[in-house]
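Some notes on the structure that comes next.
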Amino acid sequence: MIGGLFIYNHKGEVLISRVYRDDIGRNAVDAFRVNVIHARQQVRSPVTNIARTSFFHVKRSNIWLAAVTKQNVNAAMVFEFLYKMCDVMTAYFGKISEENIKNNFVLIYELLDEILDFGYPQNSETGALKTFITQQGIKSQLQTKEEQSQITSQVTGQIGWRREGIKYRRNELFLDVLESVNLLMSPQGQVLSAHVSGRVVMKSYLSGMPECKFGMNDKIVIDKQGKGGTTDEAGKSSGKQSIAIDDCTFHQCVRLSKFDSERSISFIPPDGEYELMRYRTTKDIILPFRVIPLVREVGRTKLEVKVVIKSNFKPSLLAQKIEVRIPTPLNTSGVQVICMKGKAKYKASENAIVWKIKRMAGMKESQISAEIELLPTNDKKKWARPPISMNFEVPFAPSGLKVRYLKVFEPKLNYSDHDVIKWVRYIGRSGIYETRC
Amino acid sequence: MPAVSKGDGMRGLAVFISDIRNCKSKEAEIKRINKELANIRSKFKGDKALDGYSKKKYVCKLLFIFLLGHDIDFGHMEAVNLLSSNKYTEKQIGYLFISVLVNSNSELIRLINNAIKNDLSSRNPTFMCLALHCIANVGSREMAEAFAGEIPRILVAGDTMDSVKQSAALCLLRLYRTSPDLVLMGEWTSRVVHLLNDQHMGVVTAAISLITCLSQKNPEEFKTCVSLAVSRLSRIVSSASTDLQDYTYYFVPAPWLSCKLLRLLQCYPPPEDGAVKGRLVECLETILNKAQEPPKSKKVQHSNAKNAILFEAIALIIHYDSEPNLLVRACNQLGQFLQHRETNLRYLALESMCTLASSEFSHEAVKTHIETVINALKTERDVSVRQRAADLLYAMCDRSNAKQIVAEMLSYLETADYSIREEMVLKVAILAEKYAVDYSWYVDTILNLIRIAGDYVSEEVWYRVIQIVINRDDVQGYAAKTVFEALQAPACHENMVKVGGYILGEFGNLIAGDPRSSPLVQFNLLHSKFHLCSVPTRALLLSAYIKFINLFPETKPTIQEVLRCDSQIRNSDVELQQRAVEYLKLSSIASTDVLATVLEEMPPFPERESSILAKLKKKKGPGAVSGNELEEGKREGGELNGAGERPGDSSAIGASNAVRLHIPTHSLNYDIIYPPPPLFQSTPSPSADLLGLRSAAPVSAAPPSAGSLLVDVFSEAGPAAPAAGANDDGFLRFVCKNNGVLFENQLLQIGVKSEYRQNLGRMYLFYGNKTSVQFVNFTTTLKPVDPLVEGGAQVQQVINIECLTVFSDAPLLNIKFRYGGALQNLTLKLPVAINKFFQPTEMSSHDFFQRWKQLSQPQQEAQKIFKANHAMDTEVLKAKLLGLGTALLEKVDPNPDNFVCAGVIQTKAQQVGCLLRLEPNAQAQVHTHFPVRALGLESRPLGVSSVTTLSLCVSVVHHSFICNKCL
């Protein structure tokens with residue numbers, strides 16, 4: 001189990017130090033600083049073992065969060081906890097920065113007391129935490145006994161993520177499908193690896209204790225229904241659009257037993273924002289952009305680069321925030337860029353040409369060409385030619401995921417599925433989207 | 001130095017550095033650096049030429065980036081351009097960049113050398129200094145090649161500025177250290193020596209470092225420096241503190257120079273010229289006198305400077321070791337320091353006294369301080385000082401005070417620091433042995449030692465006590481009694497059990513008369529410790545038990561009962577189990593006669609250098625590794641504990657897997673044991689050089705005298721000079737010989753001493769460095785040795801050899817080392833041939849021919865007819881055949897011309913009997929045919945074809961005859 005948790009700033013100064021177990025001594029704080037933060041060689045592994053003590057760290061901007069243990073714990077659990085911890089902190093005071101951590105010093109210790117007990121992770125649901133850890137100082141006088149007992153029963157009860165007696169005038173539901181596409185493509189356009197990792201994020205403002213059911217074009221479900229007596233035609237058409245999900249994880253509110261038996265996703269939603277599920281697909285991915293690089297070395301002191309990008313989706317849709325990053329050799333001494341669309345600039349500090357386009361419709365193509373001047377060097381080392389990477393945002397799900405339905409049942413209160421206003425949005429973003437050149 | 005003008009502030013650099021320092025994260029820093037690099041690249045690329053200022057600024061930035069840990073692969077050209085600038089700051093930055101970043105890039109080196117040459121030949125002293133500093137900072141071989149000839153000229157030129165001379169001397173010193181072969185002083189020698197007379201003290205100080213280094217390598221050439229140094233020293237010593245102005249440091253005139261002068265003098269023996277010597281003695285006396293004067297300042301720097309000179313002077317006095325008066329005075333001076341409140345002084349005093357104690361003149365004087373030293377050992381707070389005190393006690397010990405010192409050391413041992421305990425134990429053991437008047441005191445002391453500090457008593461210590469007890473009849477009874485009493489303690493150390501087991505097993509009978517220590521009581525006492533001991537000790541105890549059966553037949557049933565019980569006879573440890581089984585059988589089958597023969601009392605050990613002493617010497621050596629001790633212990637264990645031969649880690653090498661080599665790390669750096677060449681050391685060497693390699697060492701080309709010297713040592717090797725290079729020849733010579741020179745060339749000489757018994761052998765290899773330069777990265781395939789072999793030094797390596805089965809190819813020995821930068825690689829055959837494992841067998845004529853006839857089948861016979869390379873001489877042939885290891889049977893063969901031999905080849909797997917007949921052709925002329933016929937009989941055929949064995953034998957015999965240098 002986790003023996004202690006430290007938060008450092010970028011200089012390695014300890015901002016928060018909370019030790020849960022006696023086997024973690026004071027020197028553990030320094031050991032991590034010396035061996036990881038100030039290490040001569042940049043430490044890449046998120047888990048570091050120093051003197052039989054394991055340090056698990058995540059970095060958020062300039063802040064290091066490190067969980068320490070002497071035992072052989074489940075590393076995935078520790079990281080899940082650290083991410084949750086980041087989420088909780090973000091939900092309480094926004095961006096995780098040195099400034100914010102210093103300002104919310106007491107709050108963080110309070111949170112740490114609540115979400116870890118003797119090193120064992122506890123309820124880390126933001127909504128639930130917010131009911132009893134507040135930023136308005138001591139509230140106990142104002143809280144009625146009834147409220148207190150309500151909180152207790154919620155936190156300790158079966159549905160820890162939702163309290164009773166929530167009431168909204170307008171029952172509303174927001175559903176976002178957020179996906180990131182990862183790609184590695186050869187210069188000839190062959191896909192070397194590609195996958196989509198997606199999240200279904202919901203915001204629910206519903207009264208009472210509603211029961212929800214979420215349906216999407218999961219291949220297994222569609223195939224089952226196809227067999228279950230629908231017409232062949234329907235089966236075919238839906239089969240085409242169904243997607244194969246490689247793996248997925250759910251929010252704790254989802255009834256896993258039902259998912260296992262019927263593959264239906266039913267749950268009592270928490271109030272407010274939460275992440276319903278995460279998933280990953282690797283088959284039949286729609287690649288929104290194709291990058292065609294062309295690099296020509298003209299002698300020892302000159303390099304010509306031409307890059308064409310093609311958008312590959314419905315012309316009615318618009319991609320946004322497009323950015324192409326073309327790495328330049330380390331001995332670049334000057335760059336001239338010409339591009340048809342958007343803006344391109346040589347950024348010396350990043351050793352790359354960055355080409356930005358605000359908007360681009362589907363089925364279009366655009367081109368940039370650059371002349372790179374090189375300084376002859378003493379080394380005979382060849383340039384490693386790192387891949388060209390790309391960033392973008394598209395208004396559809398590159399995995400092909402479609403929300404088929406989201407039904408809400410609240411038997412006790414008198415509103416039905418039709419009364420709920422539902423909003424669905426798809427956003428596809430680039431993850432690591434690279435093409436070799 | 002030219003003043004830095006305001007324009008040279010390089011604001012851009014300052015801004016860049018402060019930017020970097022303000023970066024919040026590593027990523028930010030890298031971004032900033034990338035940006036700057038791109039900027040510099042574009043500037044350097046730019047078509048218009050950069051002015052000197054911006055060039056300097058950018059080169060500076062590059063240097064800064066490089067020092068932050070980033071690679072810089074451009075800008076070298078711009079830096080080289082800066083070298084030709086006329087501005088000091090620009091030149092300086094250029095040189096800085098070159099000395100930090102230059103690599104052996106051919107085209108640039110040429111340009112750089114050109115620029116340096118220009119600066120060296122300029123009249124500007126600042127530029128000359130910059131160039132010299134750059135040469136020294138780079139200090140590469142290329143630099144030495146280019147400038148080694150130039151710098152001495154600058155150094156001795158009359159018109160060179162003093163500051164340049166200083167730089168030149170130090171630069172030359174640096175080049176000499178990196179590539180001594182390129183710096184040839186030759187014609188400059190006398191003029192360099194005369195720099196000692198220079199007006200400028202700085203020049204003298206710089207030059208003396210150079211001269212010291214040079215004279216260590218070529219003492220003869222620089223001999224003249226002695227008188228100059230003495231006169232210079234006397235001038236300084238006799239000067240008032242105000243005379244030397246700039247070179248007076250806290251009222252001490254030129255302390256650094258004085259120290260260096262004294263150190264230079266330590267390279268030479270006392271001057272022969274009476275006047276010079278008188279003057280020097282006067283100086284030394286003055287220095288000793290000055291130490292008595294009240295300090296002129298309370299500042300610590302003053303006393304430090306004064307004492308530094310004093311200690312160097314004392315070191316010189318000790319080095320000369322010829323002025324009793326001075327030695328005693330030095331000793332008294334040090335005696336005062338022994339109680340000084342400055343810890344460093346106490347340490348230094350003890351350290352110097354250690355060397356003083358070994359001089360015959362001052363030994364008595366040192367001894368007067370014994371109480372103080374003992375007190376220091378007990379009360380000193382600093383462990384390193386206590387260590388020195390222990391060393392000194394050890395050094396000042398002699399017959400008169402041995403008992404007192406050993407008693408003090410023993411009593412201190414109980415509270416001693418863990419770090420020095422082991423060494424203390426060794427010292428106590430050695431002193432006790434060396435100065436033992438009666439051996440009962442010795443036995444008492446050692447047993448006490450084991451009782452007090454059992455954990456730190458290394459194997460050697462208890463081996464030694466057993467060796468001594470076995471070799472001295474008079475103490476055996478006493479030892480048995482004492483050991484018996486010591487064992488009665490409820491908790492006694494394992495080493496005590498080992499000693500007890502061994503001694504009672506050998507000499508238990510001497511105390512068996514007493515009913516309190518009757519055989520059964522002895523046995524029960526030993527056996528009560530049995531279960532607490534580790535496996536090797538248990539094995540030893542089992543051997544002791546079987547010896548008990550021999551000594552006291554009445555204990556036989558009890559002991560057999562013990563051996564028979566499951567915990568012995570079915571012990572999971574194979575060694576214990578085997579011993580239990582074998583001893584049980586032995587005791588039940590063999591008659592008392594046989595038992596008495598098998599379990600006879602151990603014969604006295606051959607006297608040789610105490611193994612403990614060797615160990616202590618090794619401990620002090622720079623290359624001492626504690627891991628060595630363990631393995632060495634194993635080897636010694638095998639030697640002492642006759643029944644317990646255990647093969648350790650084996651590493652078979654070379655083509656043959658039949659020979660197993662145990663290599664205990666016995667690589668003593670002989671620099672420690674044998675003092676460096678006599679010029680540098682006047683104390684007589686404690687032990688003779690084994691191979692006499694030493695005396696031939698300092699000469700770079702092997703003179704014939706080296707060969708003949710070796711011949712003397714190895715007797716019959718004949719007047720022929722040892723074959724250089726051709727190892728095959730060397731190998732063949734070893735067929736009939738065990739000792740000699742295996743290999744020799746201009747650099748290295750490898751001597752071999754070996755001894756064989758049955759299927760085991762031990763070989764000592766001596767690697768002698770014949771040059772005056774140290775070998776670096778010296779490695780052999782056998783076993784790590786000390787990677788540095790000093791010039792003229794010798795390194796020893798011990799290999800244990802076990803013949804597992806019959807083999808044909810000798811194992812290979814590969815030696816690699818670096819000599820002056822060049823990698824030397826040698827592959828030699830180790831002189832191990834199958835005949836080394838011959839055991840001679842005597843038999844009568846009748847027996848011989850009976851067996852000869854029995855072995856007439858083709859696979860049991862091999863023969864070879866070959867031509868002799870040289871004239872046949874009966875005596876020579878006889879000697880050769882004997883050298884082969886077989887027994888030469890006289891009057892066996894009816895034909896008196898024929899030679900007949902018999903022997904058994906001992907391998908681990910089997911024993912092969914061999915009969916051998918040499919039938920020289922009747923015309924005993926130069927071209928004679930030697931038909932050799934050999935027959936083998938296998939006592940235990942174990943699958944190896946006897947034909948192979950035999951043909952091997954024959955070929956070995958053949959080799960021995962074609963090599964005319966065999967004997």
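First the proteins, then the strands, lettered A, B, ... as listed; each starts at 1. Both backbone and side-chain heavy atoms feed into the values below; hydrogens, waters and symmetry mates do not.
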More than 12 heavy atoms of other groups within 6.0 Å of B:Leu67 CG: yes
Rounded to the nearest 0.5 Å, how far apart are CD of A:Glu350 and CD1 of B:Ile30? 12.0 Å
Part of A:Asn331 lying under 4.5 Å from any heavy atom of chain B: both
Checking heavy atoms, do the side chain of B:Glu36, its backbone, both or neither come under 4.5 Å from chain A? neither
A side-chain contact here means heavy atoms from C-beta on lying under 4.5 Å apart; do A:Thr301 and B:Lys45 qualify? yes
Could you state the interatomic distance from CG (A:Leu375) to NZ (B:Lys43), rounded to the nearest 0.5 Å? 13.5 Å
Check this for me: B:Arg141, atom CZ, are more than 12 non-hydrogen atoms of other residues, nucleotides or ligands nearer than 6.0 Å? yes
Would one find more than 12 heavy atoms of other residues, nucleotides or ligands at under 6.0 Å from atom CD of A:Glu99? no
Just how far is it from atom CZ of B:Phe74 to atom CG of A:Leu330, taken to the nearest 0.5 Å? 10.0 Å
Neighbour count >12 (heavy atoms, 6.0 Å) for atom NZ, A:Lys356: no
Nearest atoms (heavy-atom pairs only) where B:Ser42 meets A:Ser333: CB-O, 2.9 Å
Which of B:Arg41, B:Lys31, B:Lys35, B:Lys26 touches chain A most, by non-hydrogen pairs under 4.5 Å: B:Arg41
